Number of protein chains: 2
Amino acid sequence: MKTAHVVELDRQDARILDALQDNARLSNVELSEIVHLSPSQCQRRRQRLEEMGIVQHYVAQLSPEKLGLTVMALMSVTFERHGEHIAQEFREHIVDYPEILECWSVTGDADYILKVVAADLKAFNDFMMYKLLSLPMVANVRSNLLLEALKSTTRLPVHYGR
Amino acid sequence: MKTAHVVELDRQDARILDALQDNARLSNVELSEIVHLSPSQCQRRRQRLEEMGIVQHYVAQLSPEKLGLTVMALMSVTFERHGEHIAQEFREHIVDYPEILECWSVTGDADYILKVVAADLKAFNDFMMYKLLSLPMVANVRSNLLLEALKSTTRLPVHYGR
DNA sequence: TGTGAAAAAAACACGTG
DNA sequence: CACGTGTTTTTTTCACA
């Protein structure tokens, strides 16, 4: 359990975060032009935002298409039986499968919903049959193929109170 | 429609991409130590991977909790009526709502599945009632709240053929 | 493909209000 | 203590061998 203290941000912090969510490689000088602060202020604020854990990390986003990953899907997984150690066992498998990008426990009919990528439908089917359904706790899997992204971002809305 | 030519990568490219997917701020020297190539090779390869569009961009990932975003959900949206210009109208609304991170057209019962963040359940409900359900083409919305992430990454599996 | 120079940026220390 | 300025070190970029 993480104790995530919510942080109060001012408008400048919010703008810095917005800018970095779009482009993590901005220099402090470039940032300063966007935010209308001095470069040194930008540097200090950014460092502070990193230390506070608001900025978790910087990552490169790759093109699934160019990597030959043509299939994405959401998979609703239902368990046969439940229990803490069963969930733990499931978790250990989940993290090792690189085709699983996300795995959430959810409200509703399913126990978990997974976001998955695969090279093609055959690879996707193989993943489902031989990796997911072969897990003993998994009773049922229902898939929704993701056809077209009307929107796809990791950019969180940043509110500022001060 | 994007013509996404799939690119053949060798093992070094794959390792560079893997490293940058974990940490976009690695210097070429740091990269060279991970990948076991010279720094200049890393620089050239990275530039090439960017130019080819395999690396799309570099982004900062923020902490939803610290930003006070306690609610995430998948929402299955069903349309009243269908048609190209209706979809287009929907799309235009979608992109403007910052609480919508992703919006996919999907196979299955729903027309679209959205990934949404909100500050709390009230904000989430407000979004659903006053933003989603008020759209004329939206007939029905079904929500799955995301409770706990067993896994959450943007890291795509990189295969190399050469 | 590595090497080295030049430019840019980051990290850090220093005064000043 | 907060802020800008200046210095040192690192990093990037690019030309050359």
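Keep in mind it's a predicted model, so treat the numbers as computed, not measured. Every chain is numbered from 1 and lettered A, B, ... according to where its sequence line falls, protein lines coming before strand lines.
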Study note, to complete from the structure: When R25(A) and R44(A) are each assigned the nearest nucleotide of DNA chain C, the 5'-most assignment goes to R25(A)

Revision key, fill the gap. By nearest-nucleotide position on DNA chain C, the 5'-leaning member of R45(B) and S27(A) is R45(B)

Which whole-number value in Å describes the distance from [X] [atom1] to [N] [atom2]?
| X | N | atom1 | atom2 | value |
| --- | --- | --- | --- | --- |
| Q43(B) | dT1(C) | CD | P | 14 Å |
| L20(B) | dT12(D) | CG | P | 11 Å |
| E33(A) | dA8(C) | CD | C1' | 13 Å |
| R48(B) | dT12(D) | CZ | P | 18 Å |

Check your understanding: Does dT11(D) have OP1 or OP2 sitting under 4.0 Å from an N or O in the side chain of N28(B)?
Key -> no

Applying a 4.0 Å non-hydrogen cut-off, can you work out what [X] is touching in the nucleic acid: base, sugar-phosphate, or nothing?
| X | answer |
| --- | --- |
| Q41(B) | sugar-phosphate |
| Q47(A) | nothing |
| S40(A) | base |

Practice item. Please answer: with hydrophobic residues joined when any side-chain heavy atoms are less than 4.5 Å apart, are V6(A) and L156(A) in the same cluster? Key: no

Practice item. Let me know, please, whether L26(B) or S38(A) comes out on the 5' side of the other along DNA chain D by nearest nucleotide. Key: S38(A)

Review point. Going by the angle between their ring planes, with limits at 30° and 60°, are F127(A) and Y97(A) parallel, tilted or perpendicular?
Key: perpendicular

Exercise for review: Mind running salt bridge (Lys or Arg N to Asp or Glu O under 4.0 Å) on D96(B) and K131(B) for me, showing each step along the way?
Suggested key: CA-CA 11 Å; D96(B) 290 336; K131(B) 290 190 173 173; over 6 Å; no

Point to revise | Residues, nucleotides or ligands: over 12 heavy atoms within 6.0 Å of M52(A) CE | key: yes

